[in-house]
Number of protein chains: 2
Amino acid sequence: MSRNEINMADVAQRAGVSVATVSRALRGLPGVGEATRERILEIAEELAYVISPEASRLSGGPTRRVGVVVPAADMWFYGQMLAAIERRLRAADLDVLIYQVKDVDVRQRFFRQLPTRRKVDVVILIALPLPPEEASRLDHLGVEVVVAGGSVRDFPHVEVDDRAIARTAVAHLTGLGHERIGMIRATSYGDVHWDPDRLRLEGYQLELAAADLPQRPEYVASVPFTPEGGAEGADQLMSLPDPPTALLCFSDEIAFGALEAIRRRGLRVPEDVSVIGIDDHPLAATLGLTTVRQDVAAQGEMAAEMALLRLDHRRVEDVVMSHELVVRTSTAPPPARGTT
Amino acid sequence: MSRNEINMADVAQRAGVSVATVSRALRGLPGVGEATRERILEIAEELAYVISPEASRLSGGPTRRVGVVVPAADMWFYGQMLAAIERRLRAADLDVLIYQVKDVDVRQRFFRQLPTRRKVDVVILIALPLPPEEASRLDHLGVEVVVAGGSVRDFPHVEVDDRAIARTAVAHLTGLGHERIGMIRATSYGDVHWDPDRLRLEGYQLELAAADLPQRPEYVASVPFTPEGGAEGADQLMSLPDPPTALLCFSDEIAFGALEAIRRRGLRVPEDVSVIGIDDHPLAATLGLTTVRQDVAAQGEMAAEMALLRLDHRRVEDVVMSHELVVRTSTAPPPARGTT
DNA sequence: GATGTTAACGCAAACGTTTACGTGACCGCA
DNA sequence: TGCGGTCACGTAAACGTTTGCGTTAACATC
């Protein structure tokens, strides 16, 4: 079975042409008569012929594969990205290899060994916090690099404006009259600086300043990037002697945990405390969570699109995707002072 | 950079031997002197030589790639599986290609064209509802097949006992004294029969029978596999003239929607209605959802393990993974009759 | 009718491995 | 001394494409 694979020579023979012509016909290159091309395509289809990627690559063709490097495929954000990227690239008939590099040692090994060498045409880095020395290793890769959900060096990238997203969220809260606004940050990557976290914190601080509100360091909690983390963060902030009346959460998943923790304390959302997330996770609609929506799938598609362009060595522009405030039922004006 | 790749001939030349010897030395085959082998390994290391997978494969070696076919990488269950599989296979130095086949037409095209041919050594099918004619196409694949989260034909597989899981859940509810127990099914795949859904329904019915409770068809709602679907299903069941006092949900994600819908109706969980899910989604702990836990990551790892064994053409046994009731705060004895 | 142009193809040399087979050196033993 | 047997290695033929270059025939041009 596996040794009876049909190859180009078989197709060529059936079509009464040479393999060279078959190769050209299949890839849509010029130099093949229209009638011949159609006959070849027909025969190839009939024989269910699939080109041998190895042979193709070996003789100079592209691998028709792209590597997607992602911290963890089992987290919502990355799963969305991955799914969108795969769909777009599959449509272009490219294969997608995944590399998870969540753990520090795995990531370091990845950038030391560059296992994608000779295996892919393009590498897409998803929202990867990367120390400079590892980023510089990418030069040795010898393939195109595209970045999604952040930026790494000067590689083409698609991202959102995390600072503006946080500002939008805080502005919504100040607009409702909140003056004591807390933030729950997510810090899951121990050894490196995580841009989204830093930028959203900056946005939070900037918008507070813009609203002439004081910066209160005790209003900022750092927790692991999980719902439990969110619950923990909310507990920490709501235990303060003068607790916030509103919480900006790093993401909706964090917010889900915060919502629950607040409820457990016997407080109501939004009457006692307002909560706002970021992402627009599917559950956010169900739970009535106000959030700043970013279209993760669209970012993934865009990254895939960029990868396709780079495959043809065409220039691509960096893209900043838009975001949008989605008001639901988890935010409202603060309770009258002293009510809590 | 990309055309200066070092190849085996370079290593051979530096070592003063032929490429054949280098090939043997690198793969640990006999027929190479100890001193020679060491010298070769040293030189290869020094030159940062990486073997060309294409050339290797072309001349008879394996691809060292496995294809994972999954409905959608952006859904929790599949993301978990995928992540676990990738981690295990990466550790064995294999690459993982993903193929999403959620849409019916995409899936049909996949099984018609079998795009994994010549590209992978093993295919892992994840929880894929498959009409028989498509399953039979797999024979033409010419590679090993392993199934995770279900079973397809007689391919080696790892799964859970969906019937028993549902029975466990229902038994927990009847044990609390519930007599009016509803079920929210998830039916997202239009054209095919989805085993987990059917089996869990059967388990539900079996356990009702075992408890001498009547089968009430109006207590079973079918909804799309999303939180919104869960909300919809709960609304439907709770609107009945004689509504259930407990709901078994196809999955935790469905249950999250149900929880919220119940709250919106002004009912309390678990005082008025008990809710139980299946999976043990990360949010379940946070939200206090009672559930029947299955270890999805372990299933993925097991599937990867099976794939590795099949790579060596060793026999593997089918595996049924265990499950476990996790009681939290969403289930309690039913309210006294007539209270609602 | 000689010449140039162009489209449609075939030929054959890569591409970088793996592996069956061949060859010499060396050893042991009768 | 001669002979069979290992061992360590080299030779060269695959594997299935891509692509530069060459060839042919048809056709237009003057």
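Chain identifiers are assigned alphabetically (A, B, ...) following the order of the sequence lines, protein sequences preceding nucleic acid strands; residue numbering begins at 1 within each chain.
Mapping B:Pro30 and A:Gly61 onto DNA chain D by nearest heavy atom places B:Pro30 at the nucleotide closer to the 5' end. Nucleotides of DNA chain C nearest to A:Val22 and B:Ile51 differ in position, and the one nearer the 5' end is that of A:Val22. Between B:Arg39 and A:Ala9, the one whose closest nucleotide on DNA chain D sits nearer the 5' end is B:Arg39.
Partner of A:Leu308 under the side chain to side chain contact (heavy atoms under 4.5 Å, CB included) criterion, out of A:Val122, A:Val146, A:Leu94, A:Val66: A:Leu94 alone.
At least one side-chain nitrogen or oxygen of B:Ser18 sits closer than 4.0 Å to the OP1 or OP2 atom of D:dG10. B:Tyr49 has no side-chain polar atom (N or O) that falls below the 4.0 Å cut-off from OP1 or OP2 of C:dG16. Side-chain nitrogen and oxygen atoms of B:Thr21 include none within less than 4.0 Å of the OP1 or OP2 phosphate oxygen of D:dC9. At the phosphate of C:dT19, neither OP1 nor OP2 sits under 4.0 Å from any side-chain N or O atom of B:Ser23.
In this structure, CD on B:Glu144 lies 12.0 Å from CG on B:Leu138, to the nearest 0.5 angstrom. Rounding to the nearest 0.5 angstrom, the gap separating the CG atom in A:Leu97 from the NZ atom in A:Lys119 is 7.5 Å. If you take OH on B:Tyr49 and CG on B:Asn7, they are separated by 7.0 Å, rounding to the nearest 0.5 Å.
Side chain of A:Arg57 to main chain of A:Arg64: no donor-acceptor pair is present (N/O by atom type, distance under 3.5 Å, no hydrogens or angles).
Scanning atom types as modelled, no donor and acceptor separated by under 3.5 angstrom connect the side chain of A:Arg57 and the base of D:dG16.
The residue A:Ser56 sits close only to the backbone: its heavy atoms come under 4.0 Å of sugar-phosphate atoms, none of a base. Across all strands shown, B:Arg118 has heavy atoms under 4.0 Å from sugar-phosphate atoms exclusively, and none from any base. Using a 4.0 Å heavy-atom criterion, one finds that B:Gly33 contacts the sugar-phosphate atoms exclusively. If you check every strand for non-hydrogen atoms under 4.0 Å, B:Arg27 touches sugar and phosphate atoms only.
Between the P atom of D:dG16 and the CG atom of A:Leu47 lies a distance of 15 Å, rounded to the nearest Å. Here the P atom of nucleotide D:dA14 and the CE atom of A:Met8 are 20 Å apart, to the nearest Å. Atom CZ of B:Arg24 is separated from atom C1' of C:dC21 by 11 Å (rounded to the nearest Å). Distance CD (A:Glu34) to C1' (C:dA8): 12 Å, rounded to an integer number of Å. Taking atom CG on B:Leu58 and atom P on D:dG16, their separation rounds to 7 Å, with Å as the unit. Protein atom CZ of B:Arg64 is 16 Å distant from nucleotide atom P of C:dT17, rounded to whole Å. Atom pair B:Asp10:CG and C:dG16:C1' shows a separation of 11 Å (rounding to whole Å applied). Between the C1' atom of C:dG10 and the CG atom of A:Leu29 lies a distance of 16 Å, rounded to the nearest Å.
Comment: B:Lys102 does not engage A:Glu86 in a salt bridge, judged by the lack of any side-chain N to carboxylate O separation of less than 4.0 angstrom.
Checking C:dG16, C:dT18, D:dT19 against every side-chain atom of B:Val19, the shortest atom distance belongs to C:dT18. Looking at the side chain of B:Asn7, the nearest of the listed nucleotides C:dC9, C:dT17, D:dA12 is C:dT17. Comparing C:dG10, D:dC9, D:dT17 by their nearest atom to the side chain of B:Thr36 picks out D:dC9.
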